[in-house]
There are 2 protein chains.
Amino acid sequence: MRNLLEIQKQLLPDLMETLKRRYTILHQIMLSDIIGRRTLAASLDMTERVLRAETDLLKSQGLIEIESVGMRISDAGRRLLDLLEPIAKSLFGLDDLEEKIRTTYGLSKVIIVPGDCESSPFTKRELGRAGAKALLGVLRSDDTIAVTGGSTLAEMADQLSPPLSHSYKNAWFVPARGGLGESMEIQANTIASTMAKRVGANYRLLHVPDLLSEDAYQSLGLDSNIGEIVGIIRRSRIIVHGIGDALEMTRRRNLDEATVAEIQGEGAVAESFGYYFNEEGKVVHTMLTMGLRLEDIMRTEVVVGIAGGKRKAKAIHAMLRFGQEDILITDEAAAVEIGREIDNEVQLPL
Amino acid sequence: MRNLLEIQKQLLPDLMETLKRRYTILHQIMLSDIIGRRTLAASLDMTERVLRAETDLLKSQGLIEIESVGMRISDAGRRLLDLLEPIAKSLFGLDDLEEKIRTTYGLSKVIIVPGDCESSPFTKRELGRAGAKALLGVLRSDDTIAVTGGSTLAEMADQLSPPLSHSYKNAWFVPARGGLGESMEIQANTIASTMAKRVGANYRLLHVPDLLSEDAYQSLGLDSNIGEIVGIIRRSRIIVHGIGDALEMTRRRNLDEATVAEIQGEGAVAESFGYYFNEEGKVVHTMLTMGLRLEDIMRTEVVVGIAGGKRKAKAIHAMLRFGQEDILITDEAAAVEIGREIDNEVQLPL
DNA sequence: TAACCCGGGACGTTTTAAGACCATGAACAA
DNA sequence: TTGTTCATGGTCTTAAAACGTCCCGGGTTA
């Protein structure tokens, strides 16, 4: 059932909006027993004219009856509404959840794609698409954008397609951090260059390992070339970062057991751009690396976090508590978990 | 799955059109491997510009890839097509069937509503709605319309709602025939008056029984009042008639056993406006009654037949072979049967 | 009976879709 | 190598649809 909608959404991107709108109108008419056009328009916050177009359609479909005293739902309309209810629930459910998360943590935007990244590669792709769309929504023509690595970011880069007739040839994509000992495709460097190519922008790479010894850090810091690119990175207006589970990231970074134990001992649950966060969103561990620093993130105008899957819910939630996110892209599985935790928190003080 | 599609058809009738269009385009691109805009536009009979709008959208959805050599379907597009196939079948199946029936019997229009009248009252209602819509499509402001009786016609009358801003106050609705010994709601007289009222037209009634003795026929024929209304009936520009199973109609008319046996013996399968037809569409039995005669039907401009349900498929088919129909409104159950029979016919000569 | 709200009509404005052309570039055949 | 063909993508103009807004006659209600 739900599946069909997802399929159609690809061919009819504005299907959901229309469906929601008409459902809402029909629903409102049902609730109101009988209601006039102007009153209805006001209560739904629509202009009279567009409402009229919709009600004319509903009438021609036999879903409502229009009389001189106003509009009322027909039997067919009532039946349709019944059939539509479960669909509408899930349709509006995510909206509500987006709004809840948004207001709770003061974000400017939250996007939840239906499904679960962990179980479906399609959902992961959708997550990437949503991220790409969100990025294009905030991207200006001469921006500098710092991106981290990770498979989700890689997917996002793949899904990034330049909008028709808009030039980003003065924009710069840079990696937020150095390279991890991982496959090429999900390196921050790779992602920065892919994104740049896809939208017709420029890119700079940071050729240093993510994890540095004190010595190496000092000596590399003196390199003028590296210094320059780090300077660019730190002045980014936009950061797009994945969010990782702390434990998983220690493994991916191949940290030694002592360090892993230390990080775990500090209660770290989330990792992003080289910092480890505990459940309260406090930084509990910092890695000595080149690239973005905590203070840069604080002053960055647009911080876009992107991650999905139930297993990452805790980590995402920690990042939200950290409080620097502006836009969150996640999936239903993670969002539902986060919503649950928000409810628990609210109930505790009672 | 199918269910949701039906719901959407009600709430999003316009989106279904675009869904079809985009599916067709995507499908064609898939079949063509790689194809240019102009070539594709020509093969789909669209102008280049509107095709371009669609392909731009398909591209932005990541369903096709546009290169300098032309357009080709992407992996995601191919997957989507697979998923969409069963849906498209039901979306297009009926259209194809309509066209097949239409061309086979030289009709001007065939409308098939999804479902089965016999099993679902909703389908019957839809049949009525479709009939009403079709009638309004051919109705002029000063027409005379003859209608028969029957439950389907009654439903059609109920679903008839006057189109916005069009006056039929010079139109006349008349019954095609006299009254049957049946319930009031499905009398031709009742239906004619209901329809007339609903579109703001006039009506005349024919107060004679459907079945007449020779004597009665002669004497009533001399009545000037009846003569006048029969004259109007016979000059109708439009006839809307139900189609009945022959056997069933003999029962409804309460014919005596001898007559029933006679009609059956003649191979009658269909009944409409008082005539019985065999499988080949030949009139095999005529009832002595007032109202429309065969020769009137021959010269009538617009003959609209409306009936549904698998059980009536044979009868409908016989009427099509009779060859006087212009518009046929039926349901999926009957149409599928008819389609099957057409296929058999075509294959026989091979 | 007066005030109010209804649907439906009308109209000017704005936005969107469509049509028509052209520039440019890759592929291909001579 | 060069000319031709067909592709995309851009732009300009025009036609049409959508929209905001106001008004009118009619029915309902206080």
Side-chain angles (χ1 to χ4, degrees), chain A residues 12-14 17-18 21-22 25-26 28-74 77 141 161-169 198-200, chain B residues 12-15 17-19 21-22 25-26 28-29 31-74 77 161-169 198-200:
Chain A
L12 308 165
D14 48 0
E17 271 187 68
T18 315
R21 184 157 26 100
R22 293 190 184 155
I25 293 171
L26 194 58
Q28 191 63 240
I29 293 176
M30 192 264 288
L31 291 177
S32 311
D33 249 349
I34 194 154
I35 190 171
R37 206 199 316 138
R38 272 173 275 270
T39 317
L40 184 57
S43 85
L44 291 175
D45 195 28
M46 306 174 74
T47 63
E48 194 187 327
R49 197 62 184 74
V50 301
L51 177 69
R52 190 169 168 180
E54 297 293 1
T55 52
D56 280 354
L57 182 136
L58 291 177
K59 184 196 173 186
S60 80
Q61 291 298 103
L63 300 172
I64 62 172
E65 288 153 7
I66 300 187
E67 302 162 29
S68 64
V69 290
M71 302 170 290
R72 84 158 40 97
I73 195 164
S74 73
S141 53
S161 71
L164 312 141
S165 71
H166 204 303
S167 163
Y168 295 114
K169 63 174 187 287
R198 291 196 75 99
V199 301
Chain B
L12 309 164
D14 40 348
L15 289 195
E17 293 281 315
T18 55
L19 183 60
R21 184 159 25 109
R22 291 184 186 157
I25 295 171
L26 194 57
Q28 192 63 241
I29 292 176
L31 292 177
S32 311
D33 247 352
I34 194 154
I35 190 171
R37 208 169 45 208
R38 268 176 275 271
T39 318
L40 184 57
S43 85
L44 291 175
D45 196 27
M46 306 173 74
T47 65
E48 196 188 328
R49 195 62 185 75
V50 301
L51 176 70
R52 187 169 166 183
E54 298 293 1
T55 52
D56 280 354
L57 183 135
L58 291 177
K59 184 194 172 187
S60 81
Q61 292 295 102
L63 299 172
I64 61 172
E65 288 153 8
I66 302 186
E67 302 162 28
S68 62
V69 290
M71 303 172 290
R72 79 156 45 96
I73 195 163
S74 72
S161 72
L164 311 143
S165 70
H166 205 304
S167 163
Y168 296 114
K169 62 175 187 282
R198 292 195 73 99
V199 302

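Below, chain A is the first sequence line, B the second, and so on; all start at residue 1. Predicted, not measured: the structure shown is a model, and the values here were computed from it.
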Just how far, in rounded Å, is [atom2] of [N] from [atom1] of [X]?
X      : N       : atom1 : atom2 : result
R52(A) : dA18(D) : CZ    : P     : 14 Å
L51(B) : dG9(D)  : CG    : C1'   : 14 Å
D56(B) : dG9(D)  : CG    : C1'   : 9 Å
R37(B) : dT24(C) : CZ    : C1'   : 13 Å
I35(B) : dT8(D)  : CD1   : P     : 9 Å

Where [X] and [Y] come nearest, the two heavy atoms and their spacing:
X      : Y      : answer
G62(B) : S74(B) : O-OG, 2.8 Å
L51(B) : R37(B) : CD2-O, 3.3 Å
T18(B) : L15(B) : OG1-O, 2.8 Å
P13(A) : R22(B) : CD-NH1, 4.0 Å
L26(B) : G77(B) : CD2-O, 4.0 Å

### Base versus backbone protein contacts along nucleotides 12-17 of chain C [heavy-atom cut-off under 4.0 Å; B, S, -]
------
### Query
By a strict heavy-atom criterion of less than 4.0 Å, which residues belonging to residues 38-49 of chain B are in contact with DNA chain C?
T47(B), R49(B)
### Task
Evaluate the side chain to side chain contact (heavy atoms under 4.5 Å, CB included) criterion for residues I25(B) and Q28(B): first the C-alpha distance (whole Å), next the side-chain angles of each, then the deciding distance (0.1 Å), finally the verdict.
CA-CA 5 Å; I25(B) 295 171; Q28(B) 192 63 241; 5.8 Å; no
### Message
Before you tell me yes or no, could you show the steps for L40(B) and M46(B) under side chain to side chain contact (heavy atoms under 4.5 Å, CB included), namely the whole-Å CA-CA distance, both residues' side-chain angles and the distance that decides it to 0.1 Å?
### Response
CA-CA 8 Å; L40(B) 184 57; M46(B) 306 173 74; over 6 Å; no
### SB check R72(A) E65(A) (cutoff 4.0 Å)
no
### Test: R49(A) and D56(A) ion pair at under 4.0 Å
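No, this pair does not count.
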### Task
Report, as yes or no, whether the 6.0 Å neighbourhood of atom CD on E67(A) holds more than 12 heavy atoms from other residues, nucleotides or ligands.
yes
### Task
Rounded to the nearest 0.5 Å, what's the gap from CD1 on I64(A) to CD1 on I73(A)? Could you check?
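Interatomic distance, I64(A) CD1 to I73(A) CD1, rounded to 0.5 Å: 8.5 Å.
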### Query
In residues 61-74 of chain A, which ones come under 4.0 Å of DNA chain D, going by heavy atoms?
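Contacts with DNA chain D under 4.0 Å: S68(A), V69(A).
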